[in-house]
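One structure is given below, encoded as structure tokens.
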Amino acid sequence: MIKEAIVLVGGKGTRLKSVSGDTPKPLVAVGGTPFLHYILSQLSGAGFNRIVLAAGYRAEDFMGFLEDYQYLGAEIIVSVEKQPLGTGGAIRLASDYLSGDSFLVVNGDTYSDVNLFEFLNYGVSHLPSLSLVGVYVDDASRYGSLTLGEGDRVISMGEKSLRGPAFINSGLYYVSKMLISGWGKGESFSFEKDVLESCDTKIYCYKSKGYFIDIGVPEDYYKANNKFS
């Protein structure tokens, strides 16, 4: 079975500038190692054959990173935006490097301790709909909670205000090429706003209570350092 993934690494990470400086957020050291290494190790360990890094900002840094780190059995390609395309446009561009009918999409600044084998099976069983990993957190106020309906279909993604425990979007998706076939190549748009929050997209949630970290802000970056060290 061909296992392919796109990792979104093109953002500038402005909220983490006080920690990262000019270093792209996925390459910031966490526990002494670039954060991206943990993501790629998880993917290659789960048998992913081809991984595309959807890069924009300082794309050359990711090429340099790959000279220092090797992932047995995984071909890793850097897809470079010539101009900012947003997360949706970046996925559409990177998908040209993939040969399969469906693939994983991973945010380059989050890590989910999830069983990828189980999630892949879940995603395949729900094709051509989009599937995401929903992780359970004690306080969903920073992320926005998921509202789930029958069969764990995602009804809505809540605002970042309600406190309390809930399932949140982990930034890990299983996507069919059929879904993106209508996306205009070279067009700039947001995967989150224009796809996930669209009434036309049917989405299902694979529930996980595994460890989750988002290094997008300094507070959580320091938590990640403690975890991975």
Side-chain angles (χ1 to χ4, degrees), residues 2-17 20 22-28 34-40 42-44 48-66 69 71 74-112 116 119 123 128 130-133 143 157 169-198 200-201 203 214-216:
I2 297 175
K3 294 182 182 178
E4 299 177 312
I6 294 172
V7 184
L8 297 170
V9 298
K12 293 184 177 181
T14 53
R15 292 179 300 168
L16 198 64
K17 281 287 186 182
S20 61
D22 291 331
T23 301
K25 187 164 48 173
L27 296 181
V28 172
F35 187 70
L36 180 60
H37 174 69
Y38 301 111
I39 296 172
L40 296 182
Q42 182 187 37
L43 292 172
S44 61
F48 278 80
N49 315 88
R50 180 173 295 173
I51 303 168
V52 182
L53 304 182
Y57 173 68
R58 297 183 68 96
E60 66 279 4
D61 290 3
F62 293 96
M63 298 174 185
F65 162 82
L66 293 176
Y69 290 85
Y71 301 92
E75 177 189 13
I76 302 181
I77 301 164
V78 180
S79 170
V80 183
E81 304 172 13
K82 294 183 179 179
Q83 59 186 25
L85 295 176
T87 48
I91 294 170
R92 173 64 185 87
L93 181 67
S95 70
D96 284 346
Y97 292 97
L98 306 180
S99 59
D101 295 327
S102 52
F103 53 91
L104 207 66
V105 174
V106 187
N107 281 346
D109 59 356
T110 61
Y111 182 91
S112 300
L116 290 180
F119 178 54
L130 186 152
S131 297
L132 60 78
V133 173
Y143 307 99
M157 298 187 184
N169 177 8
S170 71
L172 191 59
Y173 314 95
Y174 194 69
V175 181
S176 71
K177 273 200 172 179
M178 184 183 299
L179 175 68
I180 69 170
S181 61
W183 300 358
K185 185 177 179 180
E187 294 181 5
S188 175
F189 65 100
S190 167
F191 179 65
E192 294 78 12
K193 294 292 183 183
D194 300 321
V195 179
L196 297 182
E197 297 180 14
S198 167
D200 298 329
T201 307
I203 305 171
D214 176 353
I215 64 165

If you measure from OG on S176 to CZ on F103, what distance do you get to the nearest 0.5 Å?
8.0 Å
Please test L85 against F189 for side-chain contact (heavy atoms from CB on, under 4.5 Å), starting from the C-alpha separation and ending with a verdict.
CA-CA 6 Å; L85 295 176; F189 65 100; over 6 Å; no
Should we count NZ of K177 as having more than 12 external heavy atoms under 6.0 Å?
yes
My understanding is that only residues two or more places apart in sequence, or in another chain, count here; which of them pass ring pair (Phe, Tyr, Trp, His ring centres under 6.0 Å) with Y173?
F191
Between the CG atom in N49 and the OG atom in S99, the distance rounded to the nearest 0.5 Å is 8.5 Å
About how many Å separate OG of S102 and CD of E4, when rounded to the nearest 0.5 Å?
8.5 Å
At their closest point, which heavy atom of G108 faces which heavy atom of P26, and how far apart are they?
O-CB, 3.4 Å
Which atom pair, heavy atoms only, marks the closest approach of A55 to V78?
CB-CG1, 3.9 Å
In sequence, state the C-alpha distance, the side-chain angles, and the governing distance for I77 and L53, and then conclude on side-chain contact (heavy atoms from CB on, under 4.5 Å).
CA-CA 6 Å; I77 301 164; L53 304 182; over 6 Å; no
Main-chain N/O of G186 paired to E81 side chain as donor or acceptor, under 3.5 Å
no
Taking the ring of H37 and the ring of Y71, is the distance between their centroids below 6.0 Å?
yes
Test log, rule side-chain contact (heavy atoms from CB on, under 4.5 Å), inputs V133 and F119
CA-CA 8 Å; V133 173; F119 178 54; 3.6 Å; yes
Does G171 offer a backbone N or O that forms a donor-acceptor pair with the side chain of T110 under 3.5 Å?
no
Atom of F62, atom of Y57 and distance for their closest heavy-atom approach
CE1-O, 3.9 Å
So, for A54 and A94, which heavy atoms are closest and what is the spacing to 0.1 Å?
CB-CB, 4.2 Å
Do side-chain atoms of E75 reach the backbone of I51 as a donor and acceptor pair under 3.5 angstrom?
no
Steps toward side-chain contact (heavy atoms from CB on, under 4.5 Å) verdict (M178, D101):
CA-CA 8 Å; M178 184 183 299; D101 295 327; over 6 Å; no
Looking at CZ of R92 and CD of E187, how far apart are the two atoms once the value is rounded to the nearest 0.5 Å?
9.5 Å
Would you name the heavy atoms of F48 and A5 that are closest together and state the gap between them?
CD2-CB, 3.9 Å
Given the options L43, I6, V175, L104 meets side-chain contact (heavy atoms from CB on, under 4.5 Å) only with L43
How far apart are the C-alpha atoms of Y97 and S79, what are their side-chain angles, what is the distance that settles it, and do they pass the side-chain hydrogen bond (donor to acceptor under 3.5 Å, both in side chains) test?
CA-CA 8 Å; Y97 292 97; S79 170; 4.9 Å; no
Nearest-0.5 Å distance that lies between atom OH in Y143 and atom CG in D214:
5.0 Å
Applying salt bridge (Lys or Arg N to Asp or Glu O under 4.0 Å) to K25 and D109, what does each step give before you reach the verdict?
CA-CA 7 Å; K25 187 164 48 173; D109 59 356; 2.8 Å; yes
With heavy-atom distances below 4.5 Å as the criterion, would you say the side chains of Y69 and L36 are in contact?
no
Is the shortest side-chain heavy-atom distance between L8 and V106 below 4.5 Å?
no
Would the distance check show the side chain of T201 and the main-chain N or O of L196 forming a donor-acceptor pair, the cut-off being under 3.5 Å?
no
Result for side chain to side chain donor-acceptor pair (under 3.5 Å) between E192 and one of N169, T87, N107 points to T87
Determine yes or no for a side-chain-to-main-chain donor-acceptor pair under 3.5 angstrom, with R58 supplying the side chain and G10 the backbone.
no
Taking every heavy atom of G86 against every heavy atom of S188, the minimum-distance pair comes out as N-OG, 3.8 Å
Apply the side-chain contact (heavy atoms from CB on, under 4.5 Å) test between L130 and each candidate in I203, V105, I180; give the one that qualifies.
I203
More than 12 non-hydrogen atoms from neighbouring residues, nucleotides or ligands closer than 6.0 Å to CE on M63, yes or no?
yes
Quick check: do I91 and W183 have side-chain heavy atoms less than 4.5 Å from each other?
yes
